[in-house]
Number of protein chains: 2
Amino acid sequence: MAMNLKGYCISPDDVNDAYERIVGSVKRTPLLQSTYFNQLTSRDVYFKCEALQLTGSFKYRGATNAVLSLLSSPSDSSTGDSSPPLTVVTHSSGNHAQALALAALKHNVQAKIVMPTNAPTAKRSAVEHTYKATVIPCQPSERERTASEVMAVTECAEFIHPSEDTRVIAGQGTVGVEMVSQIEGISGPGSCLDCVIIPVGGGGLASGNIMSLKSRWPNCKVVLAEPEAADDARRSWLSKEMLGHPVVDGVKTTVNTVADGLKTELGVNTYPIVRDLADEVITVSEIDILKATKQVWERMKVLIEPSAGVGVAVLQGKEFNEKFEKEQFRKIGIVLCGGNVDVVKTAKTMEDMGI
Amino acid sequence: MAMNLKGYCISPDDVNDAYERIVGSVKRTPLLQSTYFNQLTSRDVYFKCEALQLTGSFKYRGATNAVLSLLSSPSDSSTGDSSPPLTVVTHSSGNHAQALALAALKHNVQAKIVMPTNAPTAKRSAVEHTYKATVIPCQPSERERTASEVMAVTECAEFIHPSEDTRVIAGQGTVGVEMVSQIEGISGPGSCLDCVIIPVGGGGLASGNIMSLKSRWPNCKVVLAEPEAADDARRSWLSKEMLGHPVVDGVKTTVNTVADGLKTELGVNTYPIVRDLADEVITVSEIDILKATKQVWERMKVLIEPSAGVGVAVLQGKEFNEKFEKEQFRKIGIVLCGGNVDVVKTAKTMEDMGI
C-alpha cells in the first residue's frame, strides 16, 4: 500500500542523507538470528543489535548525524578559523549523554552535558572520563533551566535534543536503512520483513525508522513497543491526541519502569509520525519485560537493557499475536535498542521476582 | 620467524580444509572493538566474539567440521542408502554437547549425548529440546563408561571427543582464519595482530588456532590464558611434561573455577602443539576473571561466560604486561570463547565478592 510520507518533521530523504553522512562513523551493527527464538515463535526473527553500537545504543547514530550536520553547515564554515570552537549541549542522564559526548569527541567538537545528580555514577563517569565531555551536575528538576544557562554562557553553542532534534531523528532512522540492506544480503534483492517491532520512548528511534522502513518496504508493518507503566505513546496513538504521562493535581506523574530508556514522552516532532504511520502500539508488563530481557541475555548472549527487552516481550505477547493473526507474519525484525544496564542490579531484580 | 608447524596431530592445511567445509554452516562472528578497553590498555584490542557463535560458543565450529567430515568420508558413501543413519556420540555437560547436538540436527545426523545428572537443567534442556538430541543421563563418574555402552549398541556410531578429535581441533582453528581476514578487512592486506590471547582448557581452541595464526602471521605471539585454579596447561608448558590436574592419594583432584569451560586438561593431541608453539601460558585469579567478565558485560554488551573473561583478565594483569614489555604490542586480539552462563547466579557471585 502506498503511503504518504510527506508533511512531517523529516522525510525519507533526510534519513538517506543522514546515512550517507554517518556511514563511516557509526558501526554497522549485526543483524542476529537465534534458533531458540525462531522455534519459540515459529517465525524467522531478526534482531538488530544496537546494543553493540558505539556507546551501547542507537543514540550514537542521531548524535553523530547532529554533530556532522553542524560541521558541514554554512553557518559553521562562514565563521572562519578564528571563531570559537563549536559546542554541543544537551541534558540527559542516560544514553543520549554518552552518545553525544563521544560523537563530539570523535569530531573535535566540545560537549557540555547537563546531568542530574541522581544519574548513575557509571554513566556520569563514562561521559566525563571515557568520552571526555564537560559534565554540569544539576538537581533533577533543574535540567532544562541548567541547560539554558549553559547555552547562554557558551559561544557557538548548539542544543541537541535527545528525541525532538530533526537531525537526531533522521540519524536514528539509519537503523532501518541497514536492516533493509542486511535482509537483502541474507535473502536476496527485493526481500523484506513482514513486520518490525521498535521500542518507543521519546519517539526518535520510532519515527526515524518508520520513515526509512515504510519508504523502502511499503507493506511492512511497524509495531511500536512500550512499557505499560509509561504508555503515553499507546494512549496518544489510540486517541489521536498527544497525551503525555498523567498529570495529577497539576503535577506530572513520575513513571517508573525497568525500561528506563522509555520513560520519556513523544514530542511535537515525533508524535505526528507515530500517530499517522505506526501500525500498532502495544504495551507489556514489567515482569514480561524482564523475562524477555533475560531470554535475550541467556539465549543470544547480547547484554541488552530492559528497554530493548520490551520489543521482545511484545513479540511473545497475546496482544501482538492476536492482532496480527491473519497477517501470518513469517519474517519479523526487532530493534534491540541498547545495552546500557547495571547487570548485577537487574539480575538481582530478576531473582527477586522469581524470573 | 619461520616456525615448524609439521609433525602434529593437525597441520595448517587441515584448518584450511575445515574452513572451506564449514564456512557456509557456521557464523562469521563479529570482531569488536571497544573505546573503553582501548583507552584502558593504551592499545588496539580486537575481540573475536565466539559467544555470538551458534550454540553460544566456538565449539560449534569443531562439531560442524566433525559432522561434515563424516558425511563426506568414503566410508559413509560406501554404505549406501539402505544403511542405518549415522549417529554421533559424545559425553559432555557443557558447550560441546550443545554444539554437537545442533551440528547433527542441521545436517540430518542422529546425536546421542551422554550428560551427567549434575549438568545444569538449562543446558540439558537446550540439548534435548532446542537441538533435539537424545540425552542419556549418567552418574558424573560414569561418563566414559556410559558413552562406551552407547557406542556399543548404536550402529554407524562415531565418537566425537570435545577436544582431542582432530576434526574438532581443525574446526576450532577457523576462528583464527576469520580473524586474519577481518583484520585485513579493517587495516588492509598484510596487516596483522602482534599478539592473540586464547583461553585454554582441553586445548582444542588453543592448538587449532596456534596452527591457523602462526601459519599466517609467523611473528604473532600466541598467549594462552588459564585460571590459576586449573593450571595444568601452565605447569605442562613450563615443565615440558604433560601434567594433568594434581593427583592426591591416587585420586585426581576436582578443580573448581568460575571458568567452568576450562576445567578440562590438555590431551595427547593438543599438548604437543601447546608445548612447542605457545609463546606463553599465563594464569589469573578467580576475582580477576569475574572482574574482567563484568567489564565485558557492561562495556561491550556481550554476555560472555567467565571462561572468556580469563583472556581479558590476562590482558590487564601484571604478568602479561611485564613479560611482554619490550615487545610493545600495539594490536592485540582476544578470543571471547563462549557465552553460556547462568547470568543471575554469576551476577550474584560478583555481588557477594564485592565486584
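Throughout, a chain's letter reflects where its sequence line sits, starting with A, and its residues are numbered from 1.
- Using a 4.5 Å cut-off between heavy atoms, B/L32 contacts chain A through its side chain alone, with no backbone atom that close.
- For B/L102, the part sitting under 4.5 Å from any heavy atom of chain A is the side chain, from C-beta outward, and nothing else.
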Please tabulate, one pair per line, the N or O donor-acceptor pairs under 3.5 Å between chain A and chain B.
| from | atom 1 | to | atom 2 | distance (Å) |
| --- | --- | --- | --- | --- |
| A/Q39 | NE2 | B/T130 | O | 2.9 |
| A/T130 | O | B/Q39 | NE2 | 3.0 |
| A/E298 | OE2 | B/V343 | N | 3.4 |
| A/K301 | O | B/L303 | N | 2.7 |
| A/K301 | NZ | B/G339 | O | 3.2 |
| A/K301 | NZ | B/N340 | OD1 | 2.6 |
| A/L303 | N | B/K301 | O | 2.7 |
| A/G339 | O | B/K301 | NZ | 3.2 |
| A/N340 | OD1 | B/K301 | NZ | 2.6 |
| A/V343 | N | B/E298 | OE2 | 3.4 |
| A/K348 | NZ | B/E351 | OE2 | 3.4 |
| A/E351 | OE2 | B/K348 | NZ | 3.4 |

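- Considering all non-hydrogen atoms of both residues, B/L52 and A/V302 come closest at CD2-CG2, 3.9 Å.
- Shown here for A/V344 and B/A347, the closest heavy-atom pair between the two residues is CG1-O, 3.9 Å.
- For A/F47, the ring pair (Phe, Tyr, Trp, His ring centres under 6.0 Å) partners are A/F37, not counting sequence neighbours.
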